[in-house]
2 protein chains.
Amino acid sequence: MATIKDIARVAGVSLATVSRVINNGPKVGDETRARIKEIMKEMGYRPNANARALVNQNSTSIGVVIADLSDPFFATLAHGVEKVARQQNIQVLMSSGSIEAETEFKAIETLLEHRCKAMVVHSKALDDQTLIDFASQVPGFILINRYIEAIADKCVWVDNVTGGRLMAEHLVSLGHKKLVMVASKHQIDDPLARLDGIRQYLKQNNIELAENAIEYSTPDQEGGEIAMQNLLAKGIEFTAVLAYNDAMASGAMSMLQDHNLRVPEDISIIGYDDVLLARYCRPKLTTIKYPIELMATRAAELALSFNAQNAETKASTTYKYTPTLIKRDSVSKL
Amino acid sequence: MATIKDIARVAGVSLATVSRVINNGPKVGDETRARIKEIMKEMGYRPNANARALVNQNSTSIGVVIADLSDPFFATLAHGVEKVARQQNIQVLMSSGSIEAETEFKAIETLLEHRCKAMVVHSKALDDQTLIDFASQVPGFILINRYIEAIADKCVWVDNVTGGRLMAEHLVSLGHKKLVMVASKHQIDDPLARLDGIRQYLKQNNIELAENAIEYSTPDQEGGEIAMQNLLAKGIEFTAVLAYNDAMASGAMSMLQDHNLRVPEDISIIGYDDVLLARYCRPKLTTIKYPIELMATRAAELALSFNAQNAETKASTTYKYTPTLIKRDSVSKL
DNA sequence: TTGTACGCGTTATCAA
DNA sequence: TTGATAACGCGTACAA
């Protein structure tokens, strides 16, 4: 592959001149510039991004750390980042971390080796301090979907407690009092916060959500099916279901329908996230919108803004997003 | 950030020695090695991937070019690549191309600037020759979901004609004769090939699929809804629907149900791809499995295998995959 | 076993 | 307007 040196030799000029042409620098004779450009085209010259990054100390790439690309939620997140990266002519370095401390750590580490100055990381397994340390090493380190006090100005997160409250509120406002929940068995903050919001609201309204009315399982469709099956097996009476997320809701819904229970006529159900399938499934899922793409976009812009000299230091702002209720067809008035 | 030079200075040894330690090279005294490792840890040393790539002429990364990460199909593809990359400790560079010639071209070009020696590209807009040219420049250039004779040994593709035939065959074998299709309006090979397979089979069995029984729209859920709406509006009689893909099938199904037509009791419908939603939607979609993750995995392995010296040149083999029928609940016997 | 010195492709500084 | 030349961080013959 032709290098700047080859071009210079063929053109009979120095490296410096070619470099100026490449970077549209000033102080180059018009005809020289034209001739060099011509030669570059002919020889199929392509600047070497690695060499550039080396000398410039700034990489033209943004790193993304997520758990699993095959999960629609993360795919959407990645897509948001990718979108703004493309606009700014920036490369995306993708690392999956699978919600295990070790892999998450390694994913960030690898990005660091590539001298990423900007990264959007979704980490659940790493502890606060580790993340704070990383943040201090990377100018454009942005944490998405997590809040850490000490680096609040680098966190783009969603208020899951409010989200949980919203779910409960909607069901209760329609007269539902006998509730069950298909919950995530992961002991991380998202499930905890949502459940917290739900409980807060119910308590205020004197409605009970007994511990045995909650079934914990994996946060996917299968988990939803299993959890619902268990709930049904226990013979608990209920008119509405709170699901940890849309996938579980969908699974639970299938299971209900398999037992000849109609949604929403017999049983109402509400999801969380508003991923694609919420609109695909039948009936369309009433759910809580988690504005993840918007957040990812914001996170990427934020991360990249630190690359620019103007090291935007509005430590004052915090990037908290609030989920909203999306009414569709899976919940009905009692 | 500490460099190899800093380590050498602190340790009181030469650069070469440190370099040897880093690369687990031989010929280093045990205690020297231990001491240097200690210092590296203390100083938080991290090798500079850019510098390495520069001197080694081989980047430790694999490029991926796809249309749109938010599309489950592409997300799954990307996931497949990412999986094998992680196993081999390789970074993934992601570029979206949005099925436009210019962006696809630019995406590949950018990857080239990063000196990617391996890449998995999904391109529909670029012409054969351009792709062939790229393939000759990149040792590990693998085309996924497309077949070009001249670089057959670099193509990992699926036999969409057989896929199309499978769809038609399944419906016909259950007695369906009045068929309609919700098709993709994109004039690229996938839709064409599938339609081709369908037509071949129907012709052999003397069943007609009139041009006005086909509605073309965007290959997503909304497109499926619109296409079905048009079909319904035209008052065409039919007992079964062929959909370009699962998303369109899902949209069409919604529209049918909105018109009080039951699936599969009144109308049967068959999709294509077998993405997640095929199992999520209700009734579960009978569809054609497009083994995209498997293919992506294979493509990535292939691409990466060229990085190794043993430039595996089995130009004989071609990587053709055959789709299979997945029976679920959206098709019934007439 | 350890060190010296050069090169990888670019950019940037300073002269000319 | 152009050209030498020194970095950037690392790997590696070759020498010691």
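Worth saying up front: this structure is predicted, and the values here are computed from it rather than measured.
Between A/T3 and C/dC8, a side-chain N or O to OP1/OP2 separation shorter than 4.0 Å is absent. Remark: B/S14 is not in phosphate contact with C/dT4, judged by side-chain N or O atoms under 4.0 Å from OP1 or OP2.
Using cut-offs of 30° and 60° for the angle between ring planes, the A/H122 and A/F73 rings count as perpendicular.
Each end of the helix from C/dT1-D/dA16 to C/dA16-D/dT1 gets its own axis from five base pairs, and the two axes differ in direction by 40°, given to 10 degrees.
Between the side chain of B/E82 and the backbone N or O of A/M94 there is no donor-acceptor pair closer than 3.5 Å. With hydrogens and angles disregarded, no donor-acceptor distance shorter than 3.5 Å links the side chain of B/R46 to the backbone of A/E109. Judged purely by atom type and a 3.5 angstrom limit, B/Q88 has no side-chain atom pairing as donor or acceptor with the backbone of B/L304. The backbone N or O of A/N145 lies less than 3.5 Å from a partner atom in the side chain of A/K124, making a donor-acceptor pair.
B/L15 has its side chain out of reach of B/S19: every pair of non-hydrogen atoms, C-beta onward, lies at least 4.5 Å apart. For the pair A/K154/A/L143, no side-chain contact is recorded, criterion being any heavy-atom separation below 4.5 Å from C-beta on. Side-chain contact between B/M40 and B/V21 is present, with at least one heavy-atom pair separated by less than 4.5 Å. Using a 4.5 Å heavy-atom cutoff, the side chains of B/W157 and B/D189 are not in contact.
For A/R46 and C/dT10, the CZ to P distance is 12 Å, given to the nearest whole Å. Remark: P of C/dG9 and CZ of A/R9 are 12 Å apart, rounded to the nearest angstrom. Per the geometry, NZ belonging to A/K5 stands 10 Å off P belonging to C/dT10, to the nearest Å. Rounded to a whole Å, the CZ atom of B/R115 is 8 Å from the C1' atom of C/dG9.
We find that A/R52 and B/E113 are not joined by a salt bridge, their nearest charged nitrogen and carboxylate oxygen being 4.0 Å or further apart.
Judged by distance alone, the side chains of B/Q91 and B/T60 never bring a donor and an acceptor atom under 3.5 Å apart.
Chain A approaches DNA chain D within less than 4.0 angstrom (heavy atoms of the protein), and the contacting nucleotides run 5' to 3' from D/dT1 to D/dG9.
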Nucleic acid footprint by protein, nucleotides 11-16 of chain C - heavy-atom cut-off 4.0 Å, B for base, S for sugar-phosphate alone
BB----
